[in-house]
Amino acid sequence: MAITQSDVVYTAVATAENGRDGRVATDDGKLDVVVNPPKEQGGSGAGTNPEQLFAAGYSACFQGALAVVARQEGADVSGSTVTASVGIGKNDEGFGLIVDISAKIPNVDEATAKSLIEKAHQVCPYSKATRGNITVTLSV
């Protein structure tokens, strides 16, 4: 279900200059990075790139969703990590993304870990935003 402007509690604002080969900065100055295409796409690879930034945001958001689900389930996810691997490649419309979310949850068994990440995938805002648009796989 979509939110309305009146539901918004925080808005992040970032501005890019020169697209994939330039600079991206937030309005509060907390993030200010050089972006360059990776060598695999013919770039210098000197700076970060949009896929790395997306992977960082998605993994952090998913970890937060995992914590919410774990609290509801009474599960211990302390010491857990979430890794997002974001791939970019050509498709029929130009380029597309594919994501693999991998979680390591040391204090639960594998079946519980799988259940937790599947539930986290249902509540994570990044997962909701990408659902039906890109392939996202989950693994423990």
Side-chain angles (χ1 to χ4, degrees):
M1 180 157 128
I3 65 171
T4 64
Q5 191 60 41
S6 64
D7 298 320
V8 173
V9 294
Y10 170 74
T11 300
V13 178
T15 301
E17 298 172 4
N18 296 323
R20 296 179 65 84
D21 205 1
R23 177 178 163 260
V24 176
T26 56
D27 63 339
D28 62 6
K30 292 182 181 179
L31 179 72
D32 190 341
V33 295
V34 172
V35 289
N36 301 116
K39 290 181 180 181
E40 296 84 351
Q41 287 185 302
S44 69
T48 190
N49 59 66
E51 292 71 39
Q52 289 174 324
L53 295 169
F54 185 69
Y58 202 161
S59 63
C61 187
F62 200 96
Q63 179 78 44
L66 179 64
V68 168
V69 168
R71 273 193 303 279
Q72 293 170 346
E73 300 283 320
D76 180 6
V77 294
S78 60
S80 65
T81 59
V82 172
T83 302
S85 301
V86 176
I88 185 170
K90 290 188 176 191
N91 64 15
D92 292 340
E93 292 110 26
F95 285 89
L97 299 176
I98 188 167
V99 176
D100 178 66
I101 300 287
S102 174
K104 294 188 185 335
I105 311 172
N107 298 322
V108 300
D109 60 53
E110 187 174 341
T112 301
K114 285 181 180 180
S115 175
L116 289 171
I117 66 166
E118 287 170 5
K119 290 175 182 174
H121 188 49
Q122 296 307 307
V123 299
C124 173
Y126 276 62
S127 292
K128 288 179 180 181
T130 60
R131 190 166 290 118
N133 298 312
I134 65 173
T135 300
V136 177
T137 57
L138 306 174
S139 61
V140 293

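Here the structure is a predicted model, which means the values were calculated and not measured.
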**Prompt:** According to the salt bridge (Lys or Arg N to Asp or Glu O under 4.0 Å) rule, which pairs have a member within residues 116-125, sequence neighbours left out?
**Reply:** Glu73-Lys119
**Prompt:** If every non-hydrogen atom of Ala120 is compared with every non-hydrogen atom of Ala65, which pair is closest and at what distance?
**Reply:** O-CB, 3.8 Å
**Item:** Spacing of Leu116 atom CG and Leu138 atom CG [to the nearest 0.5 Å]
**Value:** 12.0 Å
**Message:** Working to the nearest 0.5 angstrom, can you tell me the gap between Asp109 CG and Ser115 OG?
**Reply:** 9.5 Å
**Message:** Same cluster or not: Ile88 versus Val24, using hydrophobic residues (I, L, V, M, F, W, Y) connected whenever any side-chain heavy atoms lie under 4.5 Å apart?
**Reply:** no
**Asked** Can you tell me how far CD1 of Ile98 sits from CG of Asn91, rounded to the nearest 0.5 angstrom?
**Response** 11.0 Å
**Asked** How far apart are the closest heavy atoms of Val35 and Gly19, and which atoms are they?
**Response** CG2-O, 3.4 Å
**Prompt:** Under a 4.5 Å side-chain heavy-atom rule over Ile, Leu, Val, Met, Phe, Trp and Tyr, are Val86 and Phe95 clustered together?
**Reply:** yes
**Asked** Would a hydrophobic clustering, with Ile, Leu, Val, Met, Phe, Trp and Tyr connected at side-chain separations under 4.5 Å, put Leu53 with Val82?
**Response** no
**Request:** Report yes or no: does Asn107 contribute a side-chain atom to a donor-acceptor pair with the main-chain N or O of Ser78 at less than 3.5 Å?
**Result:** yes
**Item:** From Thr137 atom OG1 to His121 atom NE2, the distance as rounded to the nearest 0.5 Å
**Value:** 9.0 Å
**Heavy-atom check, side chain of Ile101 versus side chain of Ile117, under 4.5 Å** = no
**Request:** Determine, using the 4.5 Å side-chain heavy-atom cutoff (strictly less than), whether Phe62 and Val108 are members of one ILVMFWY cluster.
**Result:** yes
**Request:** Can you measure from CD (Glu40) to CG (Asn49) and round to the nearest 0.5 angstrom?
**Result:** 8.5 Å
**Item:** Non-hydrogen atoms of Cys124 and Cys61 that approach each other most closely
**Value:** SG-SG, 3.5 Å
**Heavy-atom closest pair, residues Val140 and Lys114** = CG2-CG, 3.6 Å
**Minimum heavy-atom distance between Gln63 and Ser80, given as atom pair plus value** = NE2-OG, 2.8 Å
**Prompt:** When rounded to the nearest 0.5 angstrom, what is the spacing between CG in Asp76 and OG1 in Thr112?
**Reply:** 11.5 Å
**Message:** Does Glu110, at its CD atom, have more than 12 non-hydrogen atoms belonging to other residues, nucleotides or ligands within less than 6.0 Å?
**Reply:** no
**Item:** Non-hydrogen atoms of Pro37 and Arg20 that approach each other most closely
**Value:** CD-O, 3.1 Å
**Message:** I want to check something: taking the side chain as every heavy atom from C-beta on, are Val99 and Phe54 in contact at a cut-off of under 4.5 Å?
**Reply:** yes
**Message:** Could you tell me if the side chain of Tyr58 sits less than 4.5 Å from the side chain of Val136, heavy atoms only?
**Reply:** yes
**Message:** Testing the 3.5 Å rule here: is there a donor-acceptor pair between the side chains of Asn133 and Thr130?
**Reply:** no
